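Report on the following structure.
Values reported hereafter were calculated over all heavy atoms of this structure, with side chains retained and with hydrogens, waters and symmetry mates removed. Just so you know, these numbers come straight off a predicted model, no measurement behind them.
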Amino acid sequence: MMLTRLFRLHGLFVASHPLEVIVGTIAVTICLMSMNAIASGDQICDWKYQCPKAQEKILSSDILILTLTRCTAIIYIYVQFKNLRQLGSKYMLGIAGLFTVFSSLVFSIVVIHFLGKELTGLNEALPFFLLLIDLSKACTLAKFALSSNSQEEVRENIAQGMAILGPTFTLDAVVECLVIGVGTMSGVRQLELVCCFGCISVLANYFVFMTFFPACVSLVLELSRESREGRPIWQLSHFAHVLKEEEDNKPNPVTQRVKIIMSLVLALVHAHTRLLAESPSNNSSGSAVDLHGPNIDTHTTMTSLDMEQVITLALALLLAVKYVFFEQVENESSLSIKIPQTFLTNKRAEEECCRRDIALPRIPHTTNTDLNPAPLFIPDSRDKETRQQAVSCPSAQRPAAEEEWEERETQIPATSVQPRPLNECMRILRDPQQGPRCLSDTEVIALVENKSILGYRLESELETPERGVAIRREMLVCKLPRPSALEHLPYTGYDYSKVMGTNCENVIGYVPVPVGVAGPLLLDGKEFYVPMATTEGCLVASTNRGCRAITLSGGASARVLADGMTRGPVVQLPSACKAAEVKSWLESSDGFSSLKHAFDNTSRFARLDRLQVCLAGRNLYIRFQSQTGDAMGMNMLSKGSEHALRRLQEQFPEVRVLAVSGNYCTDKKPAAINWIHGRGKSTVCEATIPARVVREVLKTSTAALVELNISKNLVGSAMAGSVGGFNAQAANIVAAIYIACGQDPGQTVGSSNCITLMEAVGPQGEDLCISCTMPSIELGTVGGGTNLPPQQACLQMLGVQGASADHPGENSRTLAQVVCAAVTAGELSLMAALAAGHLVKSHMTMNRSTVNLQEISTSTLKDPS
């Protein structure tokens, strides 16, 4: 337990300080490279002989031993990579390969260089390096780190991996060094050279695995999450049970004791051999050249060397061709675990299928069932919608035609089977040859109720996320007032891998929302077709009319006035006077520079632009403002604020952080500070509508619009005490575009702050100038819901999907201008409808559901009460 705890603490330290560990490792490497003058030797030598620099002749028997050893190494390398391929992850294979090359080659050469030795003759030893490395350990640690949904979880998982893998890897390294060290006593000069270098390679590999490798994994994942607003760039949560299996399959204690005893015996053998080698009697045995003898036919030696190279090269090519062209390759993602081939080809798997279930009420599949074939369901005497709680095998698929259903009815008995015991279910779940596909839904539910499977991890624990959603629905339906409540909530045919760990938890389905398009909207000489997701009739049509009026008038113009997301933490001081002192320091140039340095180091994009500080008694509210590139930036601001507050605590240790958000930001709440100082993108848009367009398209007059705007949007909102609500319907358009484009709908509150102004212009005073000023549009084109395919499609319609490669932040600023211009169009059309008295008529025509009215009237006839 003590050893496990030590390795866990070591792993947590390495994962928590990746930069320090990487820099330290590189520094040690550089020092070793520059300190080779310490050693007095000038070439690699073994532990028994002084090795001459001259080219030595090699016996044919030695060549035979080297050839056999090299061929064995190549075969072992092939087996290692073949086993890795079964894991199904080409990405993992790449990580392991790079790790192997770096640890075995680079660090070993650095150590040799530090010893002042020469690298002559080691080029033939390179194929032996992979023979010394266990690639599966690196893959296991990397996969478990990739399964994390946050950087904190990455650190915990790496620490857990070190606690499980560290002791075994340490013992294996010791045993390998001692076993390989036996080769230095073989008397075969070349084999001794390779074994000496091999021992150094094992130690270098162990050093890198314990320090450099986990630090690199932690740092890479941290950078990738930062670039995507804290979301995992790889959706690999189904790997979360990897180290749990590793922990369940810990080495047998007897095996560990045998290794320890063997290590002690080998250590004694080595010590005894070295002592004898250093005695005078043994020193007189001569050099390696004397041992091998001088009278060897050069032609025979060269022929043997050529034959050795031919054999080795032929074996390597044969195995490479077999690995690349003749190994079974499955058409799956490079980041997914592949099902063993026996599950896909063995006919007995269908006959001896282990997934069973008791008949339960099943929620019908409602939509898109043809997109993802579901597992085979047992037919029974009930209708086909209630057959779907069924028995399936790993290779079974739902039949495409109804005739196949009838054929299956005669093959599979429709019997209900009692679920197996929980311990057996757990064994099946963790068995890589069986897994969750061989558990029935009833058994999975039992495991969830027993806390053996956490309910929120159903998607990652089961073979497909969709089955996890289906089982969660099954568990929920019996607890609802109406068992049929979820009947019309679809869940099939959706890519939940994009949602897991990013957008939603405890998923039970998805809600399709109609998406309309308004446009073309001519903005700054470019036409936009604006997607709007809404269930309100007239909204898209009204906005579309406004777009038409603006486009016929020559278009609108928009500008971004300011760009800066905010986060306002609250801290507490011992007294109000001390809080005032801290406030003065923060508002000084030294204080701002100190916090800016800490803040800016947390991201490639976040740069602290402004600090606003206010005081309430002992509490201090600090509003950080920073640009965030194309991301909306809340996570970026939170991270930067945390680091800045740590710097503040270094300056003033008595500072106590109450919360990273103290509502001084302000996020998702009406606030005058956002209306006055702005938040996100502060944007303005204007357009001039000729009198002819006002009359023919908007069906009203300029004078009527100007008068109504003053009375309604300005005076009426002031009478209501509105904050930022000096408009007709800005929130309507903002919410519809936000839902379509993957923005946070909650931020409609602040983003819809808008003041609409109208005035009569032109020679006759009959043209209309309309402008909308929106100081706090909070949005982004990367992160959050923008990662989902439908939302990405809407962003692509506007040409702003993802991050701008040339000008960071340009896409999000363009989207803010489009939102402001669409609000202008909506304002124009709604105000015209109000001025002309068309509002009620249009809503009665387009916004009343005749279906609902018919249902109400029918139910009234059936039940007058």
Side-chain angles (χ1 to χ4, degrees), residues 229-230 561-573 576 578-589 591-603 605-629 631-652 654-682 723-724 743-744 746-753 774-780 783-784 812 816:
E229 281 294 284
L561 308 174
D563 184 0
M565 183 50 61
T566 63
R567 175 58 88 191
V570 54
V571 301
Q572 192 175 79
L573 278 300
K578 189 63 178 179
E581 178 185 340
V582 175
K583 180 177 183 293
S584 299
W585 183 80
L586 289 171
E587 292 173 342
S588 67
S589 58
F592 178 80
S593 299
S594 181
L595 264 63
K596 177 177 173 59
H597 182 265
F599 186 99
D600 292 354
N601 284 336
T602 61
S603 170
F605 301 107
R607 296 294 180 267
L608 186 61
D609 296 326
R610 185 182 184 188
L611 279 179
Q612 287 178 269
V613 189
C614 72
L615 186 148
R618 296 190 300 143
N619 291 347
L620 203 62
Y621 297 85
I622 309 168
R623 192 173 190 253
F624 294 84
Q625 181 172 318
S626 166
Q627 294 190 26
T628 56
M632 188 271 290
M634 287 301 300
N635 292 334
M636 206 179 295
L637 263 292
S638 298
K639 182 179 178 182
S641 300
E642 277 190 344
H643 281 71
L645 291 178
R646 291 174 191 167
R647 174 64 189 91
L648 179 63
Q649 288 178 314
E650 292 175 3
Q651 183 73 21
F652 299 97
E654 58 269 38
V655 168
R656 185 165 71 96
V657 178
L658 297 182
V660 74
S661 176
N663 275 4
Y664 192 53
C665 315
T666 294
D667 189 42
K668 301 177 184 177
K669 291 166 285 291
I673 193 169
N674 292 344
W675 174 245
I676 298 170
H677 293 292
R679 189 171 193 255
K681 275 70 175 173
S682 299
V723 176
Q743 308 302 311
D744 188 343
Q747 290 181 317
T748 302
V749 176
S751 299
S752 57
N753 282 338
M774 305 179 70
S776 53
I777 301 179
E778 303 153 342
L779 48 70
S812 60

Carboxylate-amine/guanidinium contact E642 K639, below 4.0 Å = no
With side chains defined as the heavy atoms from C-beta onward, is the minimum distance between T628 and F605 less than 4.5 Å?
-> no
Measure across A598 and A644 and return the closest heavy-atom pair with its distance rounded to 0.1 Å.
-> CB-CA, 4.1 Å
Measuring from Q627:CD to L637:CG, what's the distance to the nearest 0.5 Å?
-> 11.0 Å
Heavy-atom nearest pair, P775 first then S682, reads O-OG, 2.6 Å
Rounded distance [0.5 Å steps], CG in N663 versus NZ in K669 = 4.0 Å
Heavy atoms of S589 and S593 approach each other most closely as O-OG, 2.8 Å
Do L645 and I622 have side-chain heavy atoms sitting under 4.5 Å apart?
-> yes
Quick one: pull up SG in C665 and CE in M634 and give me the separation to the nearest 0.5 Å.
-> 5.5 Å
Exercise: identify the closest heavy-atom pair between K681 and A631 | NZ-O, 4.4 Å
Determine, step by step, whether Q612 and T566 satisfy the side chain to side chain contact (heavy atoms under 4.5 Å, CB included) criterion, reporting the C-alpha distance in whole Å, the side-chain angles of both residues, the deciding distance to 0.1 Å, and the verdict.
-> CA-CA 10 Å; Q612 287 178 269; T566 63; 5.9 Å; no
Is a side-chain donor-acceptor pair under 3.5 Å present for Q572 with R656?
-> yes
Work out which heavy atom in S594 is nearest to a heavy atom in R647; give both atom names and the distance.
-> OG-NE, 2.7 Å
Minimum side-chain heavy-atom gap H677-Q625 below 4.5 Å = no
Does the side chain of W585 come within less than 4.5 Å of L595's, by heavy atoms?
-> yes
Among all residues two or more places apart in sequence or in another chain, which pass the side chain to side chain donor-acceptor pair (under 3.5 Å) test with D667?
-> R679, Q747
Are side-chain heavy atoms of V657 and L648 found at a separation under 4.5 Å?
-> no
Between S752 and T748 the two heavy atoms that sit nearest each other are OG-O, 2.7 Å
Would you indicate whether the side-chain heavy atoms of M636 and M565 approach each other to under 4.5 Å?
-> no
Could you tell me whether the side chain of V571 reaches within less than 4.5 Å of the side chain of N619, counting heavy atoms only?
-> no
F599 side chain reached by S641 side chain, heavy atoms, under 4.5 Å | yes
